[in-house]
Amino acid sequence: MMVKFVISCYPKNAFFEPCLYIVVVQTVAMTWGNETKVLRAGLDGVLQLGGVTVTYAQMTGAMVSVVMLGGFLLWLQYSQLGLQFRAVADNAREFALRGYNVDRLRLLAFGLAGGMAGVSSLLVAYDIGFDPNGGLTAVLLAVVAVIIGGQRSFWGPICGGILLGVVRSEVVWFLSARWQEAVTFAILALCLFLRPQGLFGQKMRLEAEE
Amino acid sequence: MSYVLHLLIYLSIYGIVAMSLNLAIGYCGLLTLAHASYFAIGSYVYALVTLRLGWDFLPALGLGVVVSAVLSLAVSIPAWKFRGDFFVMVSLAVQALMFSLFYNWTTTGAEPGTWQNLTNGPFGLSGIAKPQIFGWKLVSILLAETLREREYCVFGGGVGVSLWGNLLVVGEFALGKVVAGDAR
């Protein structure tokens, strides 16, 4: 009942969410200010591992993301709800035909995705700080990572994200920081033309697409 | 009054952009995000050709429109095989690439408009000549004020409007005269 009501209220236009995003960002900027804020006070501690220098914030981020991804993988593999999510990813129409409520699962996935994005944004805020306009860049990078990694796969977006991060750092090293965006989206275009299903994705049968 | 005229001109300029975007999104259902890059390409072509090569108003205008249309076509042919979300992503990739290119094609110290400093980055190209049509200059006090505004009309990225601005000035003769008539 509730699910049906929420879904029926939601505008079906693709421009609705960007509009919502702009309104939220401007409200946050007007309420709490536009400048960059940092969660951590003072300088961060540093760990030396041979020739590698790692800050504590980076180590925390790496550990939390490994734990979260491991937990998410286990949950997807072994819980009943995880099984249902994998079924939706595989063939949503057939899953609906077997009597499951796909809309409810999709709303749940949306909320879960928001919570996971919140965790990662906390890690970023602890490491390099945050400002109201920083979200769009991060989400665009995540979308690029998902597409070059492959949708509907678990390891694809992770490998895509790691690949993207390494390439962007190499661009800073060899060219200049200002060409990061150009190289990122050149990779995206190249990947879309050469392998539209992504590095780890499989080609879908046409009738399973919606 | 000249502020209202300025507003009307920009209103008409962005009206053209909205109409052209409606052609792609509304009539054809192609949700493209790359539209601003063609906007920028047209204005940069006009600005560079008039600044560096000294072309006249009308040929530069034609070249801007043609280059913009040809590049748009060149992108749309490979993008043709994508549907839905993937088409949006392709157009987003094109837009981000173009923006990054225009924004970063700059070298400090080099003269704007040369090969090392083609777009002058975020500072944009300035000093674009006022349009002349077959040697005719546009003279009218209000119109001359309007045309002075054309001089700073190419900024970086998707904000460049000189092409459409100049196109609009031609179309805006009648309107300008009406406004001038009201003012007196």
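Convention: sequence-line order gives letters A, B, ...; per-chain numbering from 1.
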> Relative to each other, are the rings of B/His35 and B/Tyr38 parallel, tilted or perpendicular (30° and 60° limits)?
Replying inline: perpendicular

>> Less than 4.5 Å to any heavy atom of chain A: does that hold for the side chain of B/Leu101, its backbone, both, or neither?
In response: both

> How would you list, by chain and number, every residue that makes a salt bridge (charged side-chain N to carboxylate O under 4.0 Å, His left out) with A/Arg195, sequence neighbours excluded?
Replying inline: none

> Are the aromatic ring centres of B/Trp105 and B/Tyr44 under 6.0 angstrom apart?
Replying inline: no

> chain A heavy atoms under 4.5 Å from B/Thr106: which part of the residue, side chain, backbone, both or neither?
Replying inline: both

>> Shorter than 4.5 Å, heavy atoms on both sides: which option in A/Leu192, A/Thr184, A/Ile187 has the most such pairs with chain B?
In response: A/Leu192

Atom pairs and distances, donor-acceptor, side-chain atoms in residues 52-60 of chain B, under 3.5 Å, two or more places apart:
from    : atom 1 : to       : atom 2 : distance (Å)
B/Arg52 : NH1    : B/Glu111 : OE2    : 3.2

>> If I measure from the heavy atoms of chain A, does B/Met98 come under 4.5 Å with its side chain, its backbone, both, or neither?
In response: neither

